[in-house]
Amino acid sequence: MVGRLTALLAALRTGRLTLPYPYQPAPAPRSYRGPPVFLDDCIGCGACTYACPAGALSLRYLAGDDVVVLEHSVARCIFCMLCADVCPMEAVRRTSVYELATDNPAELVQRLEHRPAHCADCGAAYSTLRAVSEAAGRVGGIQRYMLRCPGCRAVEVASVIASSRRGGGLA
Amino acid sequence: MPRRSLWVYHVNTGGCNGCDIELLAALSPLYDPERFGVRLVESPRHADAFVLSGPVTLQSLPSVVEAFRVGRPEAVIALGSCACGGGIWHDSAAVLGGIDPLLDLLEEEGIPRPRVIRVPGCPPRPHSILYGVAVLLGYAEPKAAKLLAEARRAARI
Ligand code: SF4
Ligand code: SF4
């Protein structure tokens with residue numbers, strides 16, 4: 001009896017602890033790390049797709065290589081922000097969204113569309129127009145290689161080496 | 001989902017325990033899901049819904065299938081990135097890769113497809129889990145896409 005009374009007094013002294021959360025909004029604390037969002041500054045370079053440990057990001061060539069889509073799966077993302085670290089355009093921003101629960105998987109996919117760059121030689125899509133022009137602006141001078149897909153680029157490099165050697169009398 | 005007490009059975013399918021700790025936190029008096037009648041039960045036979053965490057490792061698979069066979073849940077709350085889509089184990093040879101391949105496999109076994117509520121996060125915070133329960137019970141509407149679009153608009157400025 002005395003034990004119960006003590007417990008009752010302790011409960012009365014403590015008061016109500018339960019948070020009013022689902023009935024009242026509860027903003028996340030500043031330190032909470034939510035899913036990333038991708039701004040229009042994105043150039044579709046694909047650096048984030050390589051950095052992502054969860055494979056939540058992918059760069060897909062769709063509609064017969066007419067459009068390149070950066071796809072982010074919020075369901076699989078672990079909110080580590082490695083994508084924000086590697087992004088050259090600072091196009092990835094952390095958010096503090098946490099009310100992500102849904103019964104519709106399509107709600108958990110973010111998409112950004114880009115126009116593809118086609119290889120000057122073989123015509124295959126190999127990157128996005130914005131990524132190529134951004135890279136050209138940053139390094140410059142080697143556009144002969146930049147406008148070609150990796151395969152044709154290797155052929156181009158080989159032919160340059162071969163033609164420079166012909167004059168030198170080697171091989 | 002019927003408007004009555006929701007009894008849940010917790011299945012850890014080989015997760016790291018992060019989601020399970022958050023789930024226990026969400027079941028504490030601070031968040032108190034018993035306000036909505038949510039109770040953890042000890043047997044899958046008693047459960048209306050399963051809370052599934054982990055990427056469904058092959059080692060856990062027989063027990064998981066058995067739990068679904070006897071439990072036949074009406075709904076599954078997929079807790080965390082692993083259960084939602086494989087998480088960082090998505091390309092591992094030792095896991096099935098989350099709820100979707102598991103449900104495909106269960107369908108082959110003749111177990112009906114339950115309703116799936118996905119709660120992303122690594123781990124999801126207790127608030128997120130509570131929101132998932134609210135969505136399951138019909139007290140709240142899913143609003144992930146809306147919130148992300150809003151956050152994107154706010155980040156651009
Ligand atoms: S936050 Fe981490 S897991 Fe999510 S998309 Fe970025 S790199 Fe991938
Ligand atoms: S610009 Fe940033 S967000 Fe866009 S593809 Fe490159 S790394 Fe990813």
Side-chain angles (χ1 to χ4, degrees), chain A residues 11 14 16-29 31-42 52-58 72-82 84 90-112, chain B residues 28-36 75 77-91 97-100 115-137 139-156:
Chain A
T14 318
R16 182 173 162 164
L17 279 179
T18 306
L19 301 173
Y21 164 60
Y23 302 112
Q24 282 171 30
S31 54
Y32 172 69
R33 209 165 41 186
V37 288
F38 298 84
L39 307 187
D40 292 332
D41 300 333
C42 168
C52 180
L57 285 158
S58 58
H72 175 242
S73 157
V74 182
R76 190 184 272 177
C77 176
I78 59 168
F79 310 167
C80 64
M81 294 303 134
L82 285 182
E90 298 188 3
V92 188
R93 296 288 159 80
R94 187 182 88 169
T95 69
S96 56
V97 177
Y98 63 86
E99 286 162 325
L100 294 162
T102 176
D103 53 0
N104 177 10
E107 264 204 72
L108 297 177
V109 180
Q110 302 191 78
R111 278 199 185 82
L112 267 189
Chain B
S28 70
L30 194 59
Y31 302 97
D32 199 14
E34 279 207 39
R35 283 178 291 173
F36 320 118
I77 297 179
L79 204 60
S81 307
C82 291
C84 285
I88 50 171
W89 314 112
H90 65 100
D91 54 358
I99 185 82
D100 292 316
R115 191 168 162 224
V116 179
I117 308 288
R118 284 153 217 265
V119 184
C122 189
R125 51 191 311 240
H127 291 79
S128 311
I129 303 174
L130 221 53
Y131 196 77
V133 171
V135 168
L136 175 58
L137 293 174
Y139 297 142
E141 288 296 314
K143 55 179 178 181
K146 194 177 119 234
L147 288 178
L148 286 171
E150 265 169 27
R152 187 161 180 266
R153 228 173 293 127
R156 207 159 22 179

Quiz prompt | Value rounded to 0.5 Å, distance of CD1 in B:Ile88 from CD1 in A:Ile78 | solution = 5.0 Å
Quiz item: Rounded to the nearest 0.5 Å, how far does SG of A:Cys42 lie from CG of A:Leu112?
Solution: 5.0 Å
Quiz item: By salt bridge (Lys or Arg N to Asp or Glu O under 4.0 Å), which residues pair with A:Arg111, not counting sequence neighbours?
Solution: A:Glu71
Quiz item: In terms of heavy-atom pairs under 4.5 Å with chain A, which of B:Asp91, B:Val119, B:Leu130 leads?
Solution: B:Leu130
Quiz item: Where does the angle between the aromatic ring planes of B:His127 and A:Tyr21 fall among parallel (under 30°), tilted (30 to 60°) and perpendicular (over 60°)?
Solution: perpendicular
Self-check item: Side-chain ion pair, B:Arg118 and B:Asp100, N-O less than 4.0 Å
Solution: yes
Practice problem: Measure A:Phe38 against the heavy atoms of chain B and call it side chain, backbone, both or neither at under 4.5 Å. | Solution: backbone
Quiz item: Looking at A:Ala56, A:Ala28, A:Ala91, A:Ser73, which one has more heavy-atom pairs under 4.5 Å with chain B than the rest?
Solution: A:Ala28
Practice problem: Please flag which part of A:Phe79 lies under 4.5 Å from any non-hydrogen atom of chain B: side chain, backbone, both or neither. | Solution: side chain
Self-check item: Atom group of B:Arg125 that falls short of 4.5 Å from chain A, counting heavy atoms
Solution: side chain
Quiz item: Can you name the residues that form a side-chain hydrogen bond (donor to acceptor under 3.5 Å, both in side chains) with A:Asp40, not counting sequence neighbours?
Solution: B:Arg152, B:Arg156
Quiz item: Nearest heavy-atom pair of A:Pro36 and A:Val92: which atoms, and what distance?
Solution: CB-CG1, 3.6 Å
Quiz item: Highest number of heavy-atom pairs under 4.5 Å with chain B: which of A:Ala106, A:Pro105, A:Cys77?
Solution: A:Pro105
Quiz item: Can you say whether B:Val116 sits under 4.5 Å from chain A via the side chain, the backbone, both, or neither, judging by heavy atoms?
Solution: backbone
Quiz item: With respect to chain B, which residue among A:Leu19, A:Val74, A:Leu17, A:Thr95 yields the maximal number of heavy-atom pairs within a distance under 4.5 Å?
Solution: A:Leu19
Quiz item: Highest number of heavy-atom pairs under 4.5 Å with chain A: which of B:Val135, B:Val133, B:Leu148?
Solution: B:Leu148
Exercise. Against chain B, work out which of A:Glu107, A:Arg33, A:Gln110 has the most heavy-atom pairs shorter than 4.5 Å and name it.
Key: A:Glu107
